[in-house]
Amino acid sequence: MELIEVNGVRLEVVRIDGNERPPIVFLHEGLGSVAMWQGRAGSWPEAICAATGRAGVVWSRRGYGRSDPVPDVRGSGRLKPDYMHHEAWAVLPALLQHLGIARPVLLGHSDGASIALLHASRFPVAACIVMAPHVMVEDVSIDSIARARHAYEHGDLRARLARYHADVDCAFWQWNDAWLDPAFRSFDIRDECRAITAPVLAIQGEDDAYGTMRQIEEIAPTRGPLQLEKLAACGHSPHRDQTERVTRMVQAFLAQPGR
């Protein structure tokens with residue numbers, strides 16, 4: 001693990017060695033971090049890089065993992081409703097430039113998937129793989145995020161997340177407050193998704209408590225190819241719920257010419 005300064009903020013980064021093909025950049029979910037990619041079988045990014053032969057970059061966004069926290073996260077530092085646009089169009093380009101990566105494969109989960117789609121709508125990427133993305137706000141999403149707040153304040157969610165974040169309150173509240181802000185109801189990136197020209201693989205679990213199949217069905221690029229995978233008996237984290245199957249999907253998708 002290393003800390004890289006990007007736009008004056010230190011970000012936690014882990015690099016994985018691989019071949020000369022475009023590397024895979026992993027973008028975590030709203031409560032994720034570098035450490036949260038770990039599963040029962042070990043590091044899933046390392047498994048994906050081994051399966052594809054590619055190098056990888058795993059990083060924690062500001063306020064998550066071991067990256068710098070957000071000062072006064074519930075006050076002056078509170079995230080705005082367009083925080084994912086900022087990550088996609090300002091932070092991620094600066095990180096990629098720092099790392100010398102011009103045309104990555106983006107692999108994102110949940111919020112990270114939305115950031116991947118937004119980045120791919122404006123910047124060159126070799127391919128975009130998204131699991132349980134958010135392209136618009138649904139009632140089911142808000143209901144589940146409100147339940148997460150109750151679990152954090154009254155259950156064991158805070159203790160469980162504290163293992164993965166240096167400042168767990170910063171990690172939780174920056175995500176939860178942003179999503180439950182009434183202004184966030186207008187979040188809708190379907191128009192941006194239509195501008196993506198790179199190949200997209202979109203994966204959604206049928207039992208996802210945070211979104212319906214509309215979240216991948218409405219990505220709908222007008223020029224680039226789109227592959228949809230709808231998984232039965234799968235929740236919000238396909239790479240955890242059906243690890244081997246999703247690994248094979250990613251491997252097969254990236255083995256196609258031009259990716």
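No hydrogens, no waters, no symmetry mates; every other heavy atom, side chains included, goes into these values. The first residue of the sequence shown is numbered 1, and numbering continues consecutively from there.
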Kindly indicate whether the side chain of [X], heavy atoms from C-beta on, has any atom under 4.5 Å from the side chain of [Y].
X: Val135; Y: Asp188; value: no
X: Leu254; Y: Val105; value: yes
X: Leu117; Y: Ile219; value: yes
X: Pro22; Y: Pro104; value: no
X: Arg61; Y: Trp175; value: no
X: Val168; Y: Cys170; value: no
X: Leu161; Y: Leu31; value: yes
X: Arg54; Y: Pro23; value: no

Quiz item: Do Val137 and Val140 sit in the same hydrophobic cluster, where Ile, Leu, Val, Met, Phe, Trp and Tyr count as joined when their side-chain heavy atoms come under 4.5 Å apart?
Solution: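 Unlinked, Val137 and Val140 end up in two clusters.
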Quiz item: Are there more than 12 heavy atoms of other residues, nucleotides or ligands under 6.0 Å from atom CZ of Arg10?
Solution: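 Open: at most 12 neighbouring heavy atoms sit under 6.0 Å from CZ of Arg10.
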Quiz item: Counting only heavy atoms not in Asp72, do more than 12 sit closer than 6.0 Å to its CG atom?
Solution: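 Enclosed: over 12 neighbouring heavy atoms sit under 6.0 Å from CG of Asp72.
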Return the [atom1] to [atom2] distance between [X] and [Y], rounded to the nearest 0.5 Å.
X: Ile129; Y: Ile203; atom1: CD1; atom2: CD1; value: 7.5 Å
X: Lys230; Y: Met213; atom1: NZ; atom2: CE; value: 6.5 Å
X: Ile24; Y: Leu106; atom1: CD1; atom2: CG; value: 10.5 Å
X: Met136; Y: Ser114; atom1: CE; atom2: OG; value: 11.0 Å
X: Cys193; Y: Leu226; atom1: SG; atom2: CG; value: 9.5 Å
X: Ile142; Y: Arg147; atom1: CD1; atom2: CZ; value: 11.5 Å

Under 3.5 Å, is there a donor-acceptor pair between the [X] and [Y] side chains?
X: Ser60; Y: Glu12; answer: yes
X: Tyr64; Y: Asp167; answer: no
X: Glu138; Y: Gln215; answer: yes

Quiz item: Can you name the residues that form a ring pair (Phe, Tyr, Trp, His ring centres under 6.0 Å) with Phe123, not counting sequence neighbours?
Solution: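 Testing Phe123 for ring pair (Phe, Tyr, Trp, His ring centres under 6.0 Å), a comparison that skips the adjacent residues, returns His119.
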Determine whether a donor-acceptor pair (N or O, by modelled atom type, separation under 3.5 Å) exists between the side chain of [X] and the backbone of [Y].
X: Ser144; Y: Ala209; value: yes
X: Arg21; Y: Thr52; value: yes
X: Glu206; Y: Leu231; value: no
X: Asp177; Y: Arg74; value: no
X: Arg62; Y: Pro69; value: yes
X: Ser110; Y: Gly112; value: no
X: Ser43; Y: Glu46; value: yes
X: Gln204; Y: Pro238; value: no

Taking the six-membered ring for Trp, are [X] and [Y] ring centroids under 6.0 Å apart?
X: His134; Y: Trp179; answer: yes
X: Trp59; Y: Phe26; answer: no
X: His239; Y: His109; answer: yes

Quiz prompt | Cationic N near anionic O, under 4.0 Å, Arg122 to Glu192 | solution =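 Between Glu192 and Arg122 there is no salt bridge, as every charged N stays at least 4.0 Å from the carboxylate O atoms.
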Quiz item: Should Ser33 and His28 be marked as a side-chain hydrogen bond (donor to acceptor under 3.5 Å, both in side chains) after you check the CA-CA gap, both sets of side-chain angles, and the distance that decides it?
Solution: CA-CA 6 Å; Ser33 65; His28 64 75; over 6 Å; no
Quiz item: Out of Arg245, Arg240, Glu244, which one pairs with Gln242 under the side chain to side chain donor-acceptor pair (under 3.5 Å) rule?
Solution: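 Answer to the side chain to side chain donor-acceptor pair (under 3.5 Å) test with Gln242 among Arg245, Arg240, Glu244: Arg245.
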Quiz prompt | Verdict with supporting geometry, Lys80 and Asp181, salt bridge (Lys or Arg N to Asp or Glu O under 4.0 Å) | solution = CA-CA 9 Å; Lys80 296 179 173 58; Asp181 185 338; over 6 Å; no
Quiz item: Step by step, would you call Asp143 with Tyr210 a side-chain hydrogen bond (donor to acceptor under 3.5 Å, both in side chains)?
Solution: CA-CA 8 Å; Asp143 291 345; Tyr210 288 86; over 6 Å; no
What's the shortest heavy-atom distance between [X] and [Y], and which atoms?
X: Asp241; Y: Gly235; value: OD2-N, 2.7 Å
X: Ala35; Y: Tyr164; value: CB-CD2, 3.8 Å
X: Gly77; Y: Val70; value: O-CG1, 3.4 Å

Quiz item: By side-chain hydrogen bond (donor to acceptor under 3.5 Å, both in side chains), which residues pair with Arg78, not counting sequence neighbours?
Solution: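 Residues passing side-chain hydrogen bond (donor to acceptor under 3.5 Å, both in side chains) with Arg78: none at all.
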For residues 85-102, which side-chain donor-acceptor pairs fall under 3.5 Å, sequence neighbours excluded?
| unit_1 | atom_1 | unit_2 | atom_2 | d |
| --- | --- | --- | --- | --- |
| Trp89 | NE1 | Leu118 | O | 2.8 |

Exercise. Just do the side chain to side chain contact (heavy atoms under 4.5 Å, CB included) check on Ile48 and Thr247 with the steps written out, would you?
Key: CA-CA 6 Å; Ile48 286 292; Thr247 300; 3.9 Å; yes
Self-check item: Worked check of side chain to side chain contact (heavy atoms under 4.5 Å, CB included) between Met131 and Leu107
Solution: CA-CA 8 Å; Met131 302 181 296; Leu107 195 163; 3.9 Å; yes
Quiz item: For Glu229 and Gln227, what are the C-alpha separation, side-chain angles and deciding distance, and is it a side-chain hydrogen bond (donor to acceptor under 3.5 Å, both in side chains)?
Solution: CA-CA 7 Å; Glu229 296 289 349; Gln227 177 181 336; 2.9 Å; yes
